[in-house]
There are 2 protein chains.
Amino acid sequence: MLDDEHRYKILKELQQDPDISQRELARRLNISLGKANFCLKALVEKGLVKADNFKNSRNKVGYLYLLTPQGIEAKAILTKRFLQRKLEEHERLAQEIEQLREEVLKV
Amino acid sequence: MLDDEHRYKILKELQQDPDISQRELARRLNISLGKANFCLKALVEKGLVKADNFKNSRNKVGYLYLLTPQGIEAKAILTKRFLQRKLEEHERLAQEIEQLREEVLKV
DNA sequence: CAGCCCTGTTCAACGGGTGAACAATGATAA
DNA sequence: TTATCATTGTTCACCCGTTGAACAGGGCTG
C-alpha cells in the first residue's frame with residue numbers, strides 16, 4: 001500500500017486537479033474509497049500535500065489538495081524513478097514476448 | 001487466484017520439468033507453497049495435469065506431474081492468449097513511457 | 001530398528017482491500 | 001427559519017486471498 005506508483009499517480013492527479021473528491025480520485029486510480037483516503041492522509045502526513053479547507057461556488061464543501069514544495073519535488077523525483085522502472089519493465093516485457101513467440105512457434 | 005498467468009507458468013514449468021516439487025515450483029513462480037499446492041490441485045481437478053505416483057532413484061518420493069493431452073492443448077492456447085496480452089501491455093507501456101518523458105521534460 | 005530427509009497437505013493467523021454507514025456542512029426548498 | 005437534499009471526508013467491521021509453520025507419509029541410510 002502506498003507504493004511509488006500510487007504515490008506518483010495521486011500527486012499527478014492532485015497537481016492538475018486540486019479540487020477533486022476522494023471518491024473521484026479513487027475512481028480515476030481504480031482503487032477503493034478507503035484506500036484513497038488512507039493514501040491521501042499519508043501524503044498529508046508526510047507533508048507532500050496540504051489539505052486546505054475549501055468553500056467552492058456551488059454545493060462543494062471539501063478540500064483543496066495542494067502540493068507543497070516538498071510535494072512538487074517529490075513528484076518530480078517519483079516521475080523520474082517511475083519512468084526508469086517503466087523502461088526496465090518495457091525491456092523485460094520485450095524479452096518475455098520474444099520467449100512467448102518462440103514458444104508459440106515451437107508447437 | 002489461478003489466473004491465466006499462473007496457469008500458463010505452471011503448465012510451462014511442469015512440461016519442461018515434470019519431476020518438480022511443489023516447493024521448487026513455488027520458488028520459481030515466486031508464490032507461496034500453499035498457493036502452489038492449491039493451483040496444482042486445481043489443474044489436476046480440471047484434468048490438465050495428471051499426478052503420477054513416482055518413485056525416483058534417490059531420496060525422492062513425490063509425484064510426476066504430467067500434462068495430459070488437454071493440458072498440452074490448454075497450454076498452447078494459453079500461450080497465445082498470454083502473448084497477445086503481453087503485446088497489448090507492451091504497447092500500453094510504451095504510451096505510458098511517452099507520457100512520463102513529457103512529464104519529466106515539462107518540469 | 002531409529003533417525004533423517006524430502007515429499008504433499010492442511011489450516012489458523014495475518015493483512016490489505018472494500019464499501020456501507022456515519023458525521024459534517026453548505027445549498028436549496030418550503 | 002427549518003427541513004431536506006447533496007456532497008464531502010472518515011471510519012471500521014467484514015471479506016478473502018496469501019502465507020508458511022506444522023503435520024503425516026514414506027523411502028533411504030547407518
Student: Measure CZ/B/Arg27 against C1'/D/dT19 and give the value in whole Å, please.
Tutor: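 Between C1' of D/dT19 and CZ of B/Arg27: 18 Å.
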Student: Can you confirm whether B/Gln16 is buried at CD, in the sense that more than 12 heavy atoms of other residues, nucleotides or ligands lie under 6.0 Å from that atom?
Tutor: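 Atom CD in B/Gln16 is packed in, count exceeds 12.
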Student: Are B/Leu66 and B/Gln15 side-chain neighbours, meaning at least one heavy-atom pair lies under 4.5 Å?
Tutor: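 B/Leu66 does not reach B/Gln15 side chain to side chain.
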Student: Is any side-chain heavy atom of B/Glu103 closer than 4.5 Å to one of A/Leu83?
Tutor: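 A/Leu83 does not reach B/Glu103 side chain to side chain.
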Student: Taking only N and O in the side chain of B/Tyr63, is any of them less than 4.0 Å away from OP1 or OP2 of D/dG26?
Tutor: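 No.
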Student: Keeping A/Thr68 on the side-chain end and A/Lys50 on the backbone end, is there a donor-acceptor pair under 3.5 Å?
Tutor: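 Pair absent, no side-chain N/O of A/Thr68 close to backbone of A/Lys50.
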Student: How close or far is atom P of C/dT9 from atom NZ of B/Lys35, stated in whole angstroms?
Tutor: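 Result: 18 Å.
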Student: Rounded to whole angstroms, how far apart are CZ on B/Phe38 and P on D/dG17?
Tutor: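 Computing the B/Phe38:CZ to D/dG17:P distance gives 8 Å.
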Student: Is B/Lys41 close enough to C/dT10 that one of its side-chain N or O atoms is under 4.0 Å from OP1 or OP2 there?
Tutor: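 It does, given that an N or O in the side chain of B/Lys41 lies less than 4.0 Å from OP1 or OP2 of C/dT10.
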Student: Want to settle it: does A/Leu33 or B/Ile31 sit nearer the 5' end of DNA chain D, counting the closest nucleotide to each?
Tutor: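 It is A/Leu33, whose closest nucleotide lies nearer the 5' terminus.
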Student: Starting at atom CG of A/Asp3, determine the distance to atom C1' of C/dG15, rounded to an integer number of angstrom.
Tutor: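 Spelled out: CG on A/Asp3 to C1' on C/dG15 is 16 Å.
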Student: Whole angstrom is fine here: how far is it from CZ in B/Arg23 over to P in D/dT19?
Tutor: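 Atom CZ in B/Arg23 sits about 15 Å away from atom P in D/dT19.
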Student: With respect to the phosphate group of D/dT10, does any side-chain polar atom (N or O) of A/Asn37 fall under 4.0 Å of OP1 or OP2?
Tutor: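 Looking at the OP1 and OP2 atoms of D/dT10, one of them is under 4.0 Å from a side-chain N or O of A/Asn37.
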Student: Tell me whether the OP1 or OP2 atom of C/dT7 has a side-chain N or O from B/Gln22 closer than 4.0 Å.
Tutor: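 So the side-chain polar atoms of B/Gln22 never come under 4.0 Å of the phosphate oxygens OP1 or OP2 of C/dT7.
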Student: Please report the distance, rounded to the nearest Å, between CG in B/Leu25 and P in D/dT19.
Tutor: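 Computing the B/Leu25:CG to D/dT19:P distance gives 13 Å.
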Student: Atom CD of B/Glu24 to atom P of C/dC5: distance rounded to whole Å?
Tutor: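 Value for this atom pair: 19 Å.
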Student: What integer distance in Å separates A/Ile20:CD1 from D/dG9:C1'?
Tutor: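 In whole Å, D/dG9 C1' and A/Ile20 CD1 are 14 Å from each other.
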